[in-house]
Number of protein chains: 2
Amino acid sequence: MARKVSRRGGNIVTIHDVARHVGVSPMTVSRVINGEKNVREETRQKVMEAVEALNYTPNLAARSLASQDSSRIALIYSNPSMSFLSELLLGILEQSSQSGCQLTIESCDGPEGVADVLDKLKATGVDGVVLPPPLSDSSRVAKALKDMKLPFVGVATSRPSPDAPSVSVDDFKAAFAMTSRLIQLGHRRIGFIKGNPNSYYSQLRYEGYVAALAKAGLMAEETLVGQGYFTYRSGFDAAETLLVRADRPTAVFASNDDMAAGAVATAHRLGLDVPRDVTIVGFDDTSMASSVWPELTTVRQPISDMAALALKLLLDQIKTRRAGQTYAPVHEIRDFSIVERQSSAPLGEASTTE
Amino acid sequence: MARKVSRRGGNIVTIHDVARHVGVSPMTVSRVINGEKNVREETRQKVMEAVEALNYTPNLAARSLASQDSSRIALIYSNPSMSFLSELLLGILEQSSQSGCQLTIESCDGPEGVADVLDKLKATGVDGVVLPPPLSDSSRVAKALKDMKLPFVGVATSRPSPDAPSVSVDDFKAAFAMTSRLIQLGHRRIGFIKGNPNSYYSQLRYEGYVAALAKAGLMAEETLVGQGYFTYRSGFDAAETLLVRADRPTAVFASNDDMAAGAVATAHRLGLDVPRDVTIVGFDDTSMASSVWPELTTVRQPISDMAALALKLLLDQIKTRRAGQTYAPVHEIRDFSIVERQSSAPLGEASTTE
DNA sequence: ATACGCATTGATAGCGCTACCATTTTCAGG
DNA sequence: CCTGAAAATGGTAGCGCTATCAATGCGTAT
């Protein structure tokens, strides 16, 4: 009998082919590719080589069907800072295609709108939910999810729910580090633009700023702090108050990139050069940061990684729950970093670029 | 024997349950949910009702395993205007989860870098590729894909490959429409900021602008046209040349949103109010358009829909090819629309908002 | 040497769905 | 009423993988 021709493109290589090639059972191959123990090192090696040689890639559909772990997970977002969202999607997509889970993306209008989405999801049947900010910060949403007994995970939350895992950076520490960096650059009058007062992480960022100033023996002057709402426009407006003053700050730390970009626009409008006349820095390192000019110095969160990890945690949680065990939520903290671009400069230094 | 408890969350409903409920065979149910003919109307009705009643949703993993149509498709992007990308992702994701195909996202550095990515993909085995701009415009990439006999689809291409399907808007017509709108608002001196000269759609947008002017009996003055490269910075710079002149244009049409945002920044820097002193409009309606202030009037492309459709076309193509038939590429044109926000105003009108 | 425990491997039986072919039903025309 | 073809439906056999448990091999305590 002739070998059946696969209808799949080129990928006719199955686990059986690999098994035959090595001379073991498919089961052993399965164990190797899933990284289980109880496989002799020698065997593992041989299988690995065969996988490499035959260019085998597991069929995710078959895998999730067989292992019954195909989960439907939903990502619910509101107030999409698109740039944040896209990075998030990138990370989550990668992970989901690796884990072979079905992703649904839903949007809603703020924490209030979540209820509707949840109802809809309940009808279609989801197994878990990923919550980016600002939803991840809402205890109301957390409660709703908990009531539905739906596992979820928060991404970039500063106030993680005690019931659900989360992945975030240390907002306080990050804001502290950025502020310290500005001080190190020689700045003493450092302005700050707060984010939405409802957000806990907004609060943390502010506290980090204050703490860094304090450590350097500086005081957080109220007149140097503006209130924003994480939008470009709010940064634009808040910056005006800060920058029209004669004794304006030499540096402004906006607590997200959108507001920093708005602040830069205001600086320009007031005839101030950035960074020559004023240093402006942001937070998040969304695509906004590198698409405006001058490109923003900012605090980078590894959003994509965080999202991937979050999904993994969620899947773990679901698995654990299905096994009937109780899940102890873990709260992962990722490292941030400070990316220095063209919007910041040491105090008093004449010019930087061109 | 006790009913086996499913390990899946809530979704224990299988095609068998539905079949039993109606009193038909699973096969019939399968036919109904896949919209095949050869099912009596009466039967179809009953099955539909049962599906509804039991809240059945097909298991995609099982489906794609059984039907052998699980395709791996890759989205390759370069020069990610993140905002564009994220909209694209949203659309493609939705479609892919419906179609049960595996998505991989790959990035590369311009058309030159595609070769490497392609090699990698070839190794892991993909069945098709989705190409957003600017890659979708590159005949070099198209050729490489064709040589590999790898099906692909272009999103937002103005110069579709004769061998592959594509989805796009009519860039010429859109630019024509926007320019006409500016004329209708009373503007006569209308500047234009071109995009990257390598992009064909950039060319088309420019031609649309010129044609609209011509139709209104206006001439496209060379001094009113700036050269940009689709980046914020390039719009920022190009706008300066246009706007410092005493006889500056009263409106500037930048051929994408990033450049328009850059132009707005320049206008502000020069002490011009937008839109009071100058109207500035963009193209694409990416998130950039609504995150800057004033929010940009722009040409909206339904990116998300286009991406979803593109994926569908790609999957069709793959299916057709597998069936051994020849595929005649279709080129879909989607409708654009003009979204008027705060960055445009009728000529001479004192103020608009606040 | 015998037995026991542990690490390693293999055989079997599906996961939920659909392709394929066999079977039954339906209904026109004779 | 019969015949034959088309329409409608059902039965069977996997898709590629993994859970489960049985079987093997090996080292060590008895």
Side-chain angles (χ1 to χ4, degrees), chain A residues 1 3-9 11-20 22-47 51 54 56-72 99-100 102 125 319 322-323, chain B residues 1 3-9 11-20 22-47 51 54 56-72 99-100 102 125 319 322-323:
Chain A
M1 187 183 81
R3 174 90 174 75
K4 189 163 72 179
V5 177
S6 165
R7 299 81 144 221
R8 297 274 318 270
N11 180 54
I12 14 172
V13 190
T14 76
I15 203 170
H16 286 87
D17 298 318
V18 179
R20 204 174 318 121
V22 184
V24 295
S25 82
M27 204 49 236
T28 303
V29 177
S30 169
R31 275 191 267 260
V32 172
I33 55 180
N34 287 301
E36 287 176 33
K37 46 201 173 198
N38 284 353
V39 178
R40 206 189 319 159
E41 187 49 35
E42 187 191 326
T43 315
R44 179 184 304 278
Q45 284 298 334
K46 281 196 290 187
V47 171
V51 166
L54 298 179
Y56 166 76
T57 40
N59 179 321
L60 294 184
R63 193 206 298 259
S64 55
L65 181 57
S67 55
Q68 292 289 287
D69 70 350
S70 112
S71 312
R72 288 173 221 252
S99 320
Q102 285 174 233
K319 206 164 195 170
R322 278 192 191 146
Chain B
M1 187 181 82
R3 172 91 175 77
K4 189 161 73 178
V5 177
S6 165
R7 299 81 143 222
R8 298 271 320 266
N11 178 53
I12 12 170
V13 190
T14 76
I15 203 169
H16 286 88
D17 298 317
V18 179
R20 204 175 315 121
V22 184
V24 295
S25 81
M27 208 46 239
T28 303
V29 177
S30 169
R31 275 190 269 261
V32 171
I33 55 180
N34 288 300
E36 288 177 32
K37 47 202 170 194
N38 286 353
V39 179
R40 207 186 322 161
E41 188 49 36
E42 188 192 326
T43 316
R44 178 185 305 278
Q45 284 298 336
K46 282 197 289 189
V47 172
V51 166
L54 298 179
Y56 166 76
T57 39
N59 179 320
L60 294 184
R63 179 188 299 208
S64 55
L65 181 57
S67 55
Q68 292 288 289
D69 70 352
S70 112
S71 312
R72 286 173 222 252
S99 319
Q102 284 175 232
K319 208 164 194 171
R322 277 190 193 151

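Remember, it's a predicted structure, so these values are computed and weren't measured experimentally.
Going from atom CG of B:L60 over to atom P of C:dC17 covers 10 Å, rounded to whole Å. For B:I33 and C:dG16, the CD1 to P distance is 14 Å, given to the nearest whole Å. Rounded to an integer number of Å, the gap from CD of B:Q45 to C1' of D:dA8 is 16 Å. The distance between atom CD1 of B:I15 and atom P of C:dC15, rounded to the nearest whole Å, is 14 Å. B:E36 has its CD atom 15 Å from the P atom of C:dC17, to the nearest Å. Between B:R20 atom CZ and C:dG16 atom P there is a gap of 12 Å when expressed in whole angstrom units. Note: CD (A:E42) to P (C:dT9) measures 9 Å, nearest angstrom. With rounding to whole Å, B:E41 atom CD is found 16 Å from D:dA7 atom P.
Between A:N59 and D:dC15 there is no side-chain N or O to OP1 or OP2 distance below 4.0 Å. Proximity of A:Q68 to the phosphate of C:dG16: a side-chain N or O atom is located under 4.0 Å from OP1 or OP2. The phosphate of C:dT9 (OP1 or OP2) has no side-chain N or O of A:R31 nearer than 4.0 angstrom. Considering only side-chain N and O atoms, B:R63 lies under 4.0 angstrom from the phosphate OP1 or OP2 of C:dT18. Considering only side-chain N and O atoms, B:S25 lies under 4.0 angstrom from the phosphate OP1 or OP2 of D:dG10. Within the 4.0 Å cut-off from OP1 or OP2 of D:dC17, not a single side-chain nitrogen or oxygen of A:S30 is found. When the side-chain nitrogen and oxygen atoms of A:T43 are compared with OP1 and OP2 of C:dT9, one or more of them lie within a distance under 4.0 Å.
B:S64 comes within contact range of no nucleotide atom at all, as no heavy-atom separation falls under 4.0 Å.
Relative to the side chain of B:T28, the nucleotides D:dT9, C:dT8, C:dG16 differ in distance, and D:dT9 lies closest. Checked against C:dC17, C:dT9, D:dG16, the side chain of B:T14 finds its nearest nucleotide in C:dC17. Considering only side-chain atoms of A:N38, the nucleotide from C:dA7, D:dA8, C:dT18 that sits closest is C:dA7. Picking from C:dA11, C:dT8, C:dG16 the nucleotide with the shortest atom distance to the side chain of A:M27 gives C:dA11. Closest to the side chain of B:P58, out of D:dC17, C:dA19, C:dC17, is C:dC17. The side chain of B:L65 has C:dG16 as its nearest neighbour among D:dC17, C:dC17, C:dG16.
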Can you check side-chain contact (heavy atoms from CB on, under 4.5 Å) on B:I33 and B:I15, steps first, answer last?
CA-CA 10 Å; B:I33 55 180; B:I15 203 169; 4.1 Å; yes
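With rounding to the nearest 0.5 angstrom, the CZ atom of A:R20 is 7.0 Å from the OG1 atom of A:T14. With rounding to the nearest 0.5 angstrom, the CD atom of B:Q45 is 5.0 Å from the CD atom of B:E41.
Although no hydrogens or angles enter the test, the distance criterion places a donor-acceptor pair under 3.5 Å between the side chain of A:S67 and the main chain of A:R63. Formation of a donor-acceptor pair under 3.5 Å by the B:S30 side chain with backbone atoms of B:P26 is not found in this model.
If A:N34 and B:A62 are placed on DNA chain D by their nearest nucleotide, the residue sitting closer to the 5' end is B:A62.
Using a 4.5 Å heavy-atom cutoff, the side chains of B:N59 and A:L65 are in contact.
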